[in-house]
Amino acid sequence: MAKRCYYESLSLERTASDGDIKAAFRKQAMACHPDRHPGDKEAEHRFKEINEAYEILKDPDKRAAYDRFGHAAFEHGGGMGAAPGFGADFATTFSDIFDDLFGMGGRRGRGSGRERGADLRYNMEISLQDAYAGKAAQIRIPTSVTCEACSGSGAKPGTKPKVCAMCGGHGKVRHAQGFFTLERTCPNCQGRGQVIESPCGSCAGSGRVMRERILSVNIPSGVEDGTRIRLAGEGEAGVRGGPAGDLYIFLSIAAHPFFQRDGADLYCHVPISMVTAAIGGELEVPTVDGGKARVKVTEGTQSGRRFRLPGKGMPVLRSRQTGDMYVQVAVETPQKLTKRQRELLAEFDRLSSKETQPESSGFFVKVKEFLDGLGAGRANSA
């Protein structure tokens, strides 16, 4: 039985480009794959036919010979031998198409032997004042740096890493199994694609050594607890000249003796005397910028009242906005009174009226009404 024309097998014109040939094979190979047609001898025969056609037409030299002599170019040892079946040649061919279909083709490139360094984390505590004004700080980081003796190559000075003989520099080795090809990391070079026969004495072939580095960090004003600052390329050095990782600085803000923070707002709790709360007065309170502010306490101020100081809070990160400061007063009850002080307070209490203490007077009036109502209810039930 005469063999079918290879171009006809792939439904192609003789002027088809290499891309057209690959696309046609991919389409038809997926359509008549034996896994999709179990037990179908016709599909199996068709699958072998298009694979044989692709093996010839994808190679420029074989295609040129076929265009000139036809099938006779590969008969009687004319270059190709027996038609490929389901062996290693086909496995490699179909693996190429499989890689192309699923975006895995890039994995076949040669390994560079270079690995990116690890990212590092540094925890840093700052004061609330530093968070308010910003800060330029220096930190010490023990980390891996590029070996100066071998310039990060890992090889002894005067020598160079060599291409891995097992994987040919790909970093991967392939093993044909049935219709598919299994790919795994090369055990000889651990996926780097290169081997070092004479390691550097300073870094033992890793291309990096441990050192303590001093880095400068600029902390912007307005940072909050948990803010993360990234220093690109300041992490661990890469293996054998690979790119360095990044350094991440995580900020925490120490507790302040006067202020509590809520976003951009600050809260300050200030105790005041009973007299100041009753007749009014002025308070002088600290501000986060190191200054002072005056708060006017109005007559009859109750414990827990808040006084707002606009613009005296924290700056908002990367903006021109500023929060507010809230002064919350707590009326302090006098302790350890003298005899005279007791007498004066007792006299004040006798002179007090519902107008001077409206809340307490009103509360006890309601209590009396409540108790009277309970008593009347019991009398009626009796």
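All values reported here derive from a predicted model rather than from experimental measurement. All values below come from the heavy atoms of this structure, side chains included, with hydrogens, waters and symmetry mates left out. Quick note: residue numbers are just sequence positions, from 1.
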The single option from I272, L266, V297, V270 passing side-chain contact (heavy atoms from CB on, under 4.5 Å) against V327: V270
Sub-4.5 Å side-chain heavy-atom contact between S11 and Q28: yes
CD1 on I56 to CD1 on I21, rounded to 0.5 Å: 11.5 Å
Note, D225 side chain near L251 side chain (heavy atom, < 4.5 Å): no
Sub-4.5 Å side-chain heavy-atom contact between L231 and V217: yes
Short N-O contact, R116 and D119, less than 4.0 angstrom: yes
Over all atoms of both residues, closest heavy-atom pair of Y132 and G313: CE1-O, 3.5 Å
Shared hydrophobic cluster for V163 and I196 (ILVMFWY, side-chain gaps under 4.5 Å): no
S202 to A149 - nearest heavy-atom pair and separation: OG-CB, 3.6 Å
Lys/Arg N to Asp/Glu carboxylate O, D324 vs K312, below 4.0 Å: no
Side-chain donor/acceptor of T276 to backbone N/O of G280, under 3.5 Å: no
Where Q302 and V329 come nearest, the two heavy atoms and their spacing: O-CG2, 3.9 Å
For M274 against P334, the heavy-atom pair lying closest together: CE-CG, 4.1 Å
Close side-chain approach of R208 to C147, heavy-atom, < 4.5 Å: no
Criterion salt bridge (charged side-chain N to carboxylate O under 4.0 Å, His left out) on E44 and K48, from CA distance to verdict: CA-CA 6 Å; E44 182 177 333; K48 290 181 179 180; 3.8 Å; yes
Check: Y6 side chain, I50 main-chain N or O, donor-acceptor pair, under 3.5 Å: no
I139-I219 co-clustered via ILVMFWY side chain contacts under 4.5 Å: yes
Any donor-acceptor N/O pair, E183 side chain to R174 backbone, under 3.5 Å: no
Steps toward side chain to side chain contact (heavy atoms under 4.5 Å, CB included) verdict (R308, M325): CA-CA 6 Å; R308 176 172 169 262; M325 176 177 166; over 6 Å; no
Shortest non-hydrogen contact between T301 and V331, atoms and distance: O-CG2, 4.1 Å
Over 12 non-hydrogen atoms of neighbours within 6.0 angstrom of CZ in R14: yes
Salt bridge present between E347 and R350 (N-O < 4.0 angstrom): no
Audit row: R4, R46, side chain to side chain contact (heavy atoms under 4.5 Å, CB included) steps and yes/no: CA-CA 11 Å; R4 192 178 183 187; R46 174 72 179 138; 3.3 Å; yes
For I253 against E224, the heavy-atom pair lying closest together: CD1-C, 3.7 Å
Within 45° cone of Y267 ring axis and under 6.0 Å: R261 NZ or CZ: no
Any donor-acceptor N/O pair, S9 side chain to C5 backbone, under 3.5 Å: yes
Evaluation steps, side chain to side chain contact (heavy atoms under 4.5 Å, CB included), between M124 and I126: CA-CA 7 Å; M124 183 177 184; I126 61 174; 4.3 Å; yes
same_hphob_cluster(Y248, V223) at 4.5 Å side-chain heavy-atom cutoff: no
Worked verdict on K296 versus E282 for salt bridge (charged side-chain N to carboxylate O under 4.0 Å, His left out): CA-CA 5 Å; K296 185 176 181 180; E282 281 192 350; over 6 Å; no
Atom CD of E148: over 12 foreign heavy atoms under 6.0 Å: no
Heavy atoms of other groups near Q321 CD, more than 12 under 6.0 Å: no
Shared hydrophobic cluster for F307 and V275 (ILVMFWY, side-chain gaps under 4.5 Å): no
E332 atom CD: more than 12 heavy-atom contacts under 6.0 Å: no
Side-chain heavy-atom pair R192, C164 within 4.5 angstrom cut-off: no
Single-linkage hydrophobic cluster, 4.5 Å side-chain cutoff, L128 and I229 together: yes
E197, CD: over 12 other non-hydrogen atoms inside 6.0 angstrom: no
Carboxylate-amine/guanidinium contact R213 E234, below 4.0 Å: yes
Expected output: side-chain D246 to main-chain G235 donor-acceptor under 3.5 Å: no
Pairwise side-chain contact, Y122 with I141, heavy-atom cut-off 4.5 Å (strictly under): yes
D265 side chain reached by Y326 side chain, heavy atoms, under 4.5 Å: yes
Residues T322, M314; criterion side chain to side chain contact (heavy atoms under 4.5 Å, CB included); working and verdict: CA-CA 6 Å; T322 305; M314 298 290 291; over 6 Å; no
Sub-4.5 Å side-chain heavy-atom contact between Y7 and E13: no
Backbone N/O of E49 and side chain of E52: donor-acceptor pair under 3.5 Å: no
H256 side chain to F258 backbone, donor-acceptor under 3.5 Å: yes
Candidates T146, T143, V145 - the one meeting side-chain contact (heavy atoms from CB on, under 4.5 Å) with R211: V145
